[in-house]
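One structure below.
This is a predicted model, so every value here is computed, not measured. Here is the naming used below: chain letters follow the sequence lines, and residue numbers restart at 1 for every chain.
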Number of protein chains: 2
Amino acid sequence: MAGIKDVAKRAGVSVATVSRVLNDHSGVREETRARVLTAVSELSYRPNTLARSLRTDQTRTLGLVIGDVLNPFFTELARAVEDEARGRGYSVIIGNADEQLALQDHHVRTLLDRRIDGLLVSPADGDSVALREAALAGIPMVFVDRWIEGLDVPLVRADGREAVRELVAHLHALGHRRLAIITGPVASTTSNERLEAFRSALEEFGLPLPGGYIGQGDFQTASGRRVTEGFFALPEPPDAVFATDNLMALGVMEQLRRLGLRVPHDVSLAAFDDIPWFLHTDPPITAIAQPTQELGHRAVAALTDLVEGRSAGSVTLSAHLIARRSCGEDERTRR
Amino acid sequence: MAGIKDVAKRAGVSVATVSRVLNDHSGVREETRARVLTAVSELSYRPNTLARSLRTDQTRTLGLVIGDVLNPFFTELARAVEDEARGRGYSVIIGNADEQLALQDHHVRTLLDRRIDGLLVSPADGDSVALREAALAGIPMVFVDRWIEGLDVPLVRADGREAVRELVAHLHALGHRRLAIITGPVASTTSNERLEAFRSALEEFGLPLPGGYIGQGDFQTASGRRVTEGFFALPEPPDAVFATDNLMALGVMEQLRRLGLRVPHDVSLAAFDDIPWFLHTDPPITAIAQPTQELGHRAVAALTDLVEGRSAGSVTLSAHLIARRSCGEDERTRR
DNA sequence: ATGACCGATGTAATCGTTTCCATGCGCGGC
DNA sequence: GCCGCGCATGGAAACGATTACATCGGTCAT
């Protein structure tokens, strides 16, 4: 593979000059620049980014660590992040944590070893040594969607609390009184926020939230199945289930089908995170939608601010309820 | 950030020795090795992969360019690829082509600029200059799922032809006679294979395939909507539609809903690529399933063979039909 | 006693860039 | 006619690792 020296030789100039035209610095005679450019294209020379980054100490690359690449919410986020980053002249390297702390930390370290300029992360549950160290070491870093308490890192997210309250009101209006929730991992910030909002909305409506109606999930499909199985082994199963992400809602549907239960006839279902398929499921699923793309765009904006030496603050957007038929019929959903 | 020199200084040895213990070369006294290791952890030193790769001319990184990150088939593939690669000591950098030739080539070049050791790609439609050059330049490369004619690059894929024939037989048995297909981009190899298999199966069953029943899509949702709109503007619309990927099937459903048409009552629907949601749609969708994970694993195996100097051959797996209710009821699907 | 050899370590070249500094040249002002 | 200046360019030192080769004691066979 041709290097800058080959280009220099062919153009009859020094490597310094080649570098100058490549990074279009001023002060190169037009004719020289042209000679270099032809040499570049004749050799189809491409600069070695490794060498370049080593020298300049910047990679123009952002790392993105997501919870689960099989979760449509995260892929939509990743798509938005990559688009925005590309527009700003950055590449993105995605790490999929598969909701596992160890795998997340593996990716964080790998990305740091590559000397990425900044890190965008939606941290998994638990205390991440790698992230804590990175934050302390001053790596430009922004949390998106999920976060870790006690770290001074800007956060871009959607506040789902009001939408959860709306959801509870919606379920209550439809006559449901035994509402259950499937949470994410214990220490998950988003899941806890959703649980707290759920709990306080139930209180507001004078409804109880027995321990048995709080199912411990992990944001992945299988846990939705498992928790649902538990719910329906209860002497008095819930009459509505709220899954705090879309993959667990899928698990719920799978298990209900296995149990021969119908939505919303036997039980209602709602999910956090709206995805295109929710419109076409049987029945269409009521969901809380986040402005996923804007989340991605804003997160990249914040991160590049940090990377380029500007300061960045947290951003909170809002989520909203999209009522469909999975919680029963009312005047809004019947059509 | 600490460098190898700092470690050397702290351990009271030369950088060469540090490097030796880091890459566990033999011939370092046990006590020296221990001293180095403590220095490493005290400084929490991590080798700079840029420098390392520059020197050794290998990155232990594979590039993966997929058609569309929003397509569950590709994310499942990406997941499998990353798993397998990690097991073999490689990282993966994903590039999302969004089904656009230009974006695909952008990613291919970016990956090559990063000096990845090998490239796994599911090429988009059309003549890719970047891929052609890479193949000619001898970059270790493997195609997965899709391919480009005329390039001598191993291919790992599933042959869908038999399954498509099965699908047509299934539709025919259910009484459908006006079968339509939504293809991918014109030059897409997989889409063409599916179209040809469809056409010859129709022939076998004595059914016509009028031009109006061949809808030109692009593997993305919007094209499914658009083509469906066209089908139902025809004087005699089809009674069954076969979408050659899952995203276009989603588009079909969206448009049918808009038109107030029901599946399978008004029209049947089947898709290539099975995804978990197809079980829960209204009605569940008949699909042709590929062994996606195995595709990913085998592709990585082939690519690492190439990278590590062994030879690699193409692999062809098979796909199979999963009949559900979206094509109407028969004894297999009723339960 | 001597030289060959071996094991443990250090020195320095190298990978492909960028960039600081030096150099050479032409030109205008005096 | 000389000085100084600016412009275009080149030389060489980094960046942080790996690794071929040199070095240096010490051991052992002769």
Quiz item: Using a distance-only test with no angle check, is there a side-chain donor-acceptor pair under 3.5 angstrom linking B:R88 and B:T304?
Solution: yes
Quiz item: C:dT19 C1' sits how many Å from A:D57 CG, rounded?
Solution: 14 Å
Exercise. For A:T32, report the nucleic acid contact type (base, sugar-phosphate, nothing); a contact means any heavy atom under 4.0 Å.
Key: sugar-phosphate
Quiz item: Counting only side-chain N and O atoms of A:T17, is one of them less than 4.0 Å from OP1 or OP2 of D:dG10?
Solution: yes
Self-check item: Over all atoms of both residues, closest heavy-atom pair of B:A302 and B:A312
Solution: O-CB, 3.5 Å
Quiz prompt | Inter-end axis angle, the helix from C:dA1-D:dT30 to C:dC30-D:dG1, with every axis fitted to five base pairs (rounded, 10 degrees) | solution = 60°
Practice problem: Look at all strands and tell whether A:N23 reaches a base, only sugar-phosphate, or nothing, counting heavy atoms closer than 4.0 Å. | Solution: sugar-phosphate
Quiz item: Do A:R115 and A:T61 meet the criterion of a side-chain donor-acceptor pair at a distance under 3.5 Å?
Solution: no
Self-check item: Pairwise 5' ranking along DNA chain C for B:E30 and A:P47, keeping only the more 5' one
Solution: B:E30
Practice problem: Using a heavy-atom cut-off of under 4.0 Å over every strand shown, decide if A:G3 touches base, sugar-phosphate, or nothing. | Solution: sugar-phosphate
Quiz item: Among side-chain atoms of B:R114 and A:N48, is any donor-acceptor pair under 3.5 angstrom?
Solution: no
Quiz item: D:dA8 phosphate, OP1 or OP2: any side-chain N/O from A:R29 under 4.0 angstrom?
Solution: no
Quiz item: Of A:S26 and A:V15, whose closest DNA chain D nucleotide lies nearer the 5' terminus?
Solution: A:S26
Exercise. Name the closest nucleotide to the A:T56 side chain, picking from C:dT19, D:dT18, C:dC15.
Key: C:dT19
Quiz item: Going by atom types only, do A:D98 and A:Q220 share a side-chain donor-acceptor pair under 3.5 Å?
Solution: yes
Quiz item: Tell me: CZ of A:R35 to P of D:dA8, nearest whole Å?
Solution: 14 Å
Exercise. Could you please name the option among C:dT18, D:dG10, C:dT11 that lies closest to any side-chain atom of A:A16?
Key: D:dG10
Exercise. Grab the CG-P distance between A:L22 and C:dT19 for me, whole Å please.
Key: 12 Å
Quiz item: For the side chain of B:L54, counting heavy atoms from C-beta on, which of D:dA17, C:dC15, D:dT19 is nearest?
Solution: C:dC15
Practice problem: Using distance alone, with no hydrogens and no angle criterion, decide if A:E82 and B:N96 have a side-chain donor and acceptor under 3.5 Å apart. | Solution: no
Quiz item: Once you round it to whole Å, what is the distance between P of C:dT9 and NZ of B:K9?
Solution: 19 Å
Quiz item: How would you label the contact of A:S19 with the nucleic acid (heavy atoms, under 4.0 Å): base, sugar-phosphate, or nothing?
Solution: base
Quiz prompt | Rounded distance in Å - NZ (A:K5) to C1' (D:dG10) | solution = 15 Å
Practice problem: Give a yes or no on whether a donor-acceptor pair under 3.5 Å exists between the nucleobase atoms of D:dG10, that is its base, and the side chain of A:R20. | Solution: yes
Quiz prompt | Side-chain H-bond candidate by donor/acceptor type, B:D105 with B:S128, under 3.5 Å | solution = yes
Self-check item: Closest nucleotide among D:dA17, D:dC15, D:dT9 to the B:Y45 side chain
Solution: D:dA17
Exercise. Would you kindly give the CG-to-C1' distance between A:N48 and D:dG16, to the nearest whole Å?
Key: 14 Å
Quiz item: Across the strands shown, which category fits B:R55 at heavy-atom distances under 4.0 angstrom: base, sugar-phosphate, nothing?
Solution: base
Self-check item: A:R146 side-chain N/O to A:T190 backbone N/O, donor-acceptor pair under 3.5 Å
Solution: no
Self-check item: Nearest-angstrom distance from the residue atom NE2 of B:H25 to P of D:dA20
Solution: 9 Å
Practice problem: Measure the distance from CD1 on B:I4 to C1' on D:dC15 and round it to the nearest whole Å. | Solution: 13 Å
